[in-house]
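Here is the structure we will look at, set down as structure tokens.
Every heavy atom of this structure was used, including side-chain atoms; hydrogens, water molecules and symmetry mates were not.
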Amino acid sequence: MTSTLTPRTAEEHQADPLAARLAFDAAIDQLIQPNMHTLLRDSGAVERALAPCLIDQLVTATQPGTERTGGSARGSRPPASLNALALVAEISQTLRGALAALGHDLFGTGARPSLAGQLRLWASHAGSWQLEDVDYLAYAAQEAERWVTAGRSVLNPAPAYRLRGHACPTCRHTTVLVWSDTEQEWLRRPALSVDTDRVETVCAACDSRWGLEHWAQLGQVLDSQRAETLALDCE
């Protein structure tokens, strides 16, 4: 059977068919199934709300006005979440190649399936992969799991710890303008912050980055600025 994704490196042991199928189905469900959320009101009342599926939320995040990147700018409002755009583009490109190899023409007559519909169509072949191409099924499961992890990171990014009162050693900026979805306006924020996900200190003005191995040196530079207080503000 022709692989519908980039071929994997040959492995000594074939993947377990049942484990690969369970992992693939679980990842696909997380991408295309709506989520039920329970809300507890101040009055004590409990309400349940149905949230769109993860892939639909990512597609929505690519539209103007729905960004969650926390990026900086000195002009107009950001057009969309660049992280969501990159991930949706990657998933779309992968699915186009995969479905074409399986005999599905997304550019034929009729309306093109949504991204969620393309994932369902792709997943409909899992039964034959389990019997005929277990290695591909395992690889597809890894890709789908990676998309789930990346998608959740885009929609719910790790908090950034702002370093107030210090200038970037590279560009000398102390603050930047950041679009606030809550306030619906540009707000001034410290340029330097700690990215807890990547374990880096980042300048939002010039995108300079200092990894953990450079933190001691960076701390010496910041201390030399003779700021009275180094405040950490978790957002």
Taking the six-membered ring for Trp, are the ring centroids of Tyr139 and Trp129 within less than 6.0 Å of each other? no
When clusters are formed by joining ILVMFWY residues with side-chain heavy atoms under 4.5 Å apart, either directly or through shared neighbours, do Phe24 and Ile91 land in the same one? yes
Side-chain contact test, heavy atoms from C-beta onward, threshold under 4.5 Å: evaluate it for Cys203 versus Cys171 and give yes or no. yes
How about Leu187 and Val178: do any of their side-chain heavy atoms sit closer than 4.5 Å? no
Residue pair Ala15 / Val134: nearest heavy atoms and the distance that separates them: O-CG1, 3.1 Å
To the nearest 0.5 Å, what is the distance between CG (Leu119) and CG (Leu95)? 5.0 Å
Arg120 side, atom CZ; Ser114 side, atom OG - distance, nearest 0.5 Å: 6.5 Å
Under a 4.5 Å cut-off applied to non-hydrogen side-chain atoms, are Gln57 and Pro52 in contact? yes
Could you report the tightest heavy-atom contact between Ala84 and Leu58, atom names first, then the distance? CB-O, 3.9 Å
Mind listing the closest non-hydrogen atom pair of Ile28 and Ala144 along with its distance? CD1-CB, 4.3 Å
Pairwise distance CZ(Arg21) to CG(Leu131) - rounded to 0.5 angstrom: 9.0 Å
Residue pair Ala141 / Ala20: nearest heavy atoms and the distance that separates them: CB-O, 3.9 Å
Hey, does the side chain of Ser153 reach the backbone of Ala150 with a donor-acceptor pair shorter than 3.5 angstrom? no
Taking all heavy atoms of Leu155 and all of Ala61, pick out the closest pair and write down the distance. CD2-CB, 4.3 Å
Any chance you could measure Ile32, atom CD1, to Gln118, atom CD, to the nearest 0.5 Å? 12.0 Å
Scan the side chains in residues 96-106 for donor-acceptor partners under 3.5 Å anywhere in the protein, sequence neighbours excluded, and list what turns up.
unit_1, atom_1, unit_2, atom_2, d
His104, NE2, His125, NE2, 2.9
Asp105, OD1, Phe107, N, 3.0

Just to verify, what does Arg188 make a salt bridge (Lys or Arg N to Asp or Glu O under 4.0 Å) with, not counting sequence neighbours? none
Are Val176 and Val202 linked, directly or through intermediate hydrophobic residues, by side-chain heavy-atom contacts shorter than 4.5 Å (ILVMFWY only)? no
d(Gln130 CD, Leu137 CG) to nearest 0.5 Å is 6.5 Å
Should Leu54 and Trp147 be counted in the same cluster of Ile, Leu, Val, Met, Phe, Trp and Tyr side chains packed under 4.5 Å apart? yes
Distance in Å, Trp210 CH2 paired with Thr170 OG1, rounded so as to fall on 0.5 Å steps: 4.0 Å
Heavy atoms only: give me the nearest Val59-Val88 pair and the separation to one decimal. N-CG2, 4.1 Å
Side chain Thr60, main chain Asp56, donor-acceptor under 3.5 Å: yes
Note, Ser92 side chain near Leu115 side chain (heavy atom, < 4.5 Å): yes
